[in-house]
**Student:** 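Dumping the structure here so I can ask a few things about it.
A, B, ... follow the sequence lines: proteins, then strands. Residue 1 opens every chain.
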Amino acid sequence: MRIPINEVTPAIPSAEVCGWVHEVRDLGGLAFLLVRDRTGIIQVTIPKKKVPEPVLAALKSVSRESVVRVTGAVKAMEKAPGGRELVPESLVIVSLAETPLPLDVSEKVPAELDTRLDARFLDVRRPRVAAVFEIRSAAMHAIHQYFHHEGFTAITTPKIVAAATEGGTELFPIAYFDKEAFLNQSPQLYKQMMMAAGCEKVYEIGPIFRAEEHNTTKHLNEATSIDIEVSFADHTDVMRILEEIIVKAYAYVYRSCPDQLANLEIADFAVPKAPFPRLPYAEAIEIAKKGIDEPIKYGDDISPAAERAIGAEMGGHYFIVDWPSEIRPYYAMHYENDPSICKAFDLMHPRMELSSGAQREHRYDKLVQQISQKGLNPESFEFYLRPFRYGMPPHAGWGLGAERLVMTMLGLSNVREAVLFPRDMHRLVP
RNA sequence: GCCCAGGUAGUGUAGUGGCCUAUCAUGAUUGCCUGUCACGCAAUCGACUCGGAUUCGAAUUCCGACCUGGGCGCCA
């Protein structure tokens with residue numbers, strides 16, 4: 001019966017472990033085989049004169065990263081990693097690895113991201129890489145758990161859609177039988193439709209697709225979006241949910257992933273404290289003006305340089321609120337007393353934007369008016385507008401980029417590090 | 001889409017016109033070694049992205065292609 005390597009202790013007389021050959025050190029009459037599974041590494045010590053012949057034969061032909069099954073006596077040994085070692089009665093090569101390897105799993109020699117992604121299955125064998133995805137899994141678990149606890153309904157919406165209803169970003173066209181179709185850029189419109197469906201609180205965690213030809217460390221053409229929509233709520237209500245989720249995700253990772261954080265050499269992992277500051281857009285622009293050389297004025301989008309300058313000033317997570325209506329989508333609700341600004345917000349990490357959201361305009365006539373004001377034709381929005389004519393409650397929501405959350409949480413330099421198989425302009429395989 | 005920097009053994013690198021029969025590390029192969037833990041030692045193997053041009057001579061200069069990294073733009 002195979003047991004995980006981290007459960008092998010001198011308290012048990014013998015053990016069977018399965019894993020990958022991390023390293024072989026042959027000293028002549030004595031050899032050491034380091035075997036690794038997802039729980040850890042154990043030293044298999046082979047005194048050549050004392051072990052059966054098949055063990056010696058396997059030792060001679062085994063290569064690094066081959067899969068082996070080892071059965072033997074567990075011995076306490078100060079000098080061995082973990083204070084114990086395994087002396088094999090049996091060593092079986094389950095799957096022999098080819099040589100040489102496409103990259104060095106033991107990390108003596110670094111590998112570039114491109115090389116690593118080409119051999120991602122080997123890359124993820126490295127504990128520090130596996131740690132990223134274990135932490136991502138833990139963070140997502142905490143988020144799912146929060147939503148269920150708070151009475152949200154998990155939904156899934158189509159990723160194959162007929163048309164771009166939001167405008168803005170480029171869509172990937174696909175062949176859908178004899179029709180033209182696209183991969184969805186956002187579940188936004190479907191979430192809103194579920195408000196008209198009376199679901200009140202919905203969330204979806206799923207892929208979104210953007211056909212932008214961007215070439216940066218923080219953009220992906222396929223990303224994971226954490227999306228919510230809540231009825232009878234305004235933007236301030238959903239901002240509270242958002243900051244709470246960020247805190248819960250960090251706190252759960254801090255609690256449940258100490259080994260993974262250690263693997264990543266993150267000693268100062270800090271759980272952020274809610275509430276996050278609410279910084280009005282107008283004030284954000286003033287901070288940016290002081291922090292950067294390039295000209296920036298009220299009404300401009302916030303450039304990456306401006307984001308960094310404001311982020312340095314704020315020091316932690318913060319919201320930018322009260323955006324000019326002009327630079328937000330048509331569906332954001334304008335303030336009654338000042339329609340030039342709207343109830344939209346971005347959640348920022350000092351490094352970059354994590355999330356954006358808003359209270360949506362739920363009144364049909366206002367919405368049609370705002371679509372027209374953006375220079376768009378309301379007639380082409382019929383699919384979107386129809387639910388607003390049959391009893392649409394007030395509602396608000398946001399979308400949060402899962403990869404950016406993990407990237408900023410762990411200080412990763414490239415968002416591709418937070419995705420197993422990233423899709424960007426140049427990468428479609430594996 | 002624009003701009004910048006690159007492409008040298010399996011991996012990561014050094015090499016800015018001849019000193020290159022190309023450096024170093026790691027790796028692979030073989031041998032020696034009974035306490036290694038980046039084991040050690042010895043020998044061997046393995047590379048200038050592709051095409052064209054300049055030149056007596058090109059890894060090195062120029063042109064084109066392909067590929068990669070990054071910045072900007074674009075981006076709920």
Side-chain angles (χ1 to χ4, degrees), chain A residues 22-34 41-51 60-61 63-65 75 77-82 85 87 97-119 122-123 164-171 184-192 208-221 223 225-229 294 301-306 308 323 327-332 344-347 352-358 360 397-401 404 413-414 416 424-427:
Chain A
H22 192 68
E23 210 166 335
V24 184
R25 300 195 190 109
D26 189 342
L27 274 56
L30 183 69
F32 300 103
L33 200 64
L34 299 183
I41 292 178
I42 189 166
Q43 174 168 291
V44 175
T45 302
I46 303 169
K48 291 188 185 171
K49 287 177 184 161
K50 295 178 189 165
V51 296
K60 197 166 165 56
S61 57
S63 55
R64 299 206 311 171
E65 296 305 318
K75 292 191 172 157
M77 177 59 66
E78 286 270 327
K79 286 179 276 190
E85 63 184 16
V87 180
E98 272 184 29
T99 57
L101 298 163
L103 58 81
D104 175 18
V105 176
S106 69
E107 296 191 89
K108 287 175 194 164
V109 179
E112 287 193 353
L113 187 57
D114 187 50
T115 306
R116 292 171 45 206
L117 293 176
D118 279 341
L122 272 179
D123 185 44
T165 29
E166 267 190 87
T169 192
E170 296 289 320
L171 301 185
N184 206 177
Q185 67 188 98
S186 155
Q188 170 78 20
L189 307 184
Y190 286 98
K191 289 191 300 179
Q192 292 193 257
I208 56 170
F209 305 91
R210 306 274 164 99
E212 305 292 342
E213 294 186 336
H214 32 47
N215 192 9
T216 76
T217 53
K218 58 183 183 186
H219 288 93
L220 293 163
N221 293 297
S225 182
I226 303 162
D227 265 275
I228 75 161
E229 204 67 34
E294 60 196 79
D301 275 319
I302 294 177
S303 69
R308 285 191 291 271
W323 287 74
I327 55 172
R328 299 300 288 208
Y330 59 83
Y331 50 72
F345 59 88
D346 279 1
L347 172 66
M352 72 188 77
E353 177 189 336
L354 294 182
S355 168
S356 66
R360 327 296 189 183
W398 44 254
L400 166 67
R404 287 189 179 185
S413 58
N414 192 313
R416 292 165 182 79
D424 62 36
M425 226 169 107
H426 306 294
R427 183 170 289 278

**Student:** Determine the interatomic distance between P on B:A65 and the same-named atom on B:U13; round to the nearest Å.
**Tutor:** 26 Å
**Student:** Say we look at B:C67 and B:C20: how far apart would their C1' atoms be, to the nearest angstrom?
**Tutor:** 26 Å
**Student:** Round to the nearest Å and state the distance from A:Arg116 atom CZ to B:G12 atom P.
**Tutor:** 11 Å
**Student:** Any idea which of B:C75, B:U68, B:C37 is nearest the A:Asp114 side chain?
**Tutor:** B:U68
**Student:** To the nearest Å, give me how far apart NZ (A:Lys218) and C1' (B:A76) are.
**Tutor:** 16 Å
**Student:** According to a 3.5 Å limit on both distances, what stems of 3 or more consecutive Watson-Crick or G-U pairs are formed with RNA chain B?
**Tutor:** B:1-7 with B:66-72, B:10-12 with B:24-26, B:27-32 with B:40-45, B:49-53 with B:61-65
**Student:** State whether A:Thr115 places a side-chain N or O below 4.0 Å from either non-bridging phosphate oxygen (OP1 or OP2) of B:G12.
**Tutor:** yes
**Student:** Looking at B:C74, does its base get a donor-acceptor pair with the side chain of A:His214 below 3.5 Å?
**Tutor:** no
**Student:** Rounded to whole Å, please give me the gap between CD in A:Glu213 and C1' in B:C72.
**Tutor:** 15 Å
**Student:** Expressed in angstrom and rounded to an integer, what is the separation of A:Asp301 atom CG from B:C72 atom C1'?
**Tutor:** 14 Å
**Student:** Need one value for A:Glu107: base, sugar-phosphate or nothing, where a base atom within 4.0 Å counts as base even if backbone is also close, heavy atoms only.
**Tutor:** nothing
**Student:** Nearest whole angstrom, please: distance from the C1' of B:A76 to the CD of A:Glu170.
**Tutor:** 15 Å
**Student:** Stepwise, does the side-chain contact (heavy atoms from CB on, under 4.5 Å) test hold for A:Leu117 with A:Arg427?
**Tutor:** CA-CA 9 Å; A:Leu117 293 176; A:Arg427 183 170 289 278; 3.6 Å; yes
**Student:** Roughly, in whole Å, what's the span from CG in A:Leu113 to P in B:U11?
**Tutor:** 15 Å
**Student:** Take atom CG of A:Asp26 and atom C1' of B:G35, then tell me their distance rounded to the nearest Å.
**Tutor:** 13 Å
**Student:** Any chance you could list the contact pattern along nucleotides 22-29 of chain B? Use B for base contacts, S for sugar-phosphate-only contacts and - for none, protein heavy atoms under 4.0 Å, 5' to 3'.
**Tutor:** ----SSS-
**Student:** If the cut-off is 4.0 Å, is A:Asn221 near the phosphate of B:C75, judged by side-chain N/O to OP1 or OP2?
**Tutor:** no
**Student:** Can you establish whether the number of heavy atoms outside A:Glu98 located under 6.0 Å from its atom CD is more than 12?
**Tutor:** no
**Student:** Whole angstrom is fine here: how far is it from CG in A:Leu27 over to P in B:C33?
**Tutor:** 11 Å
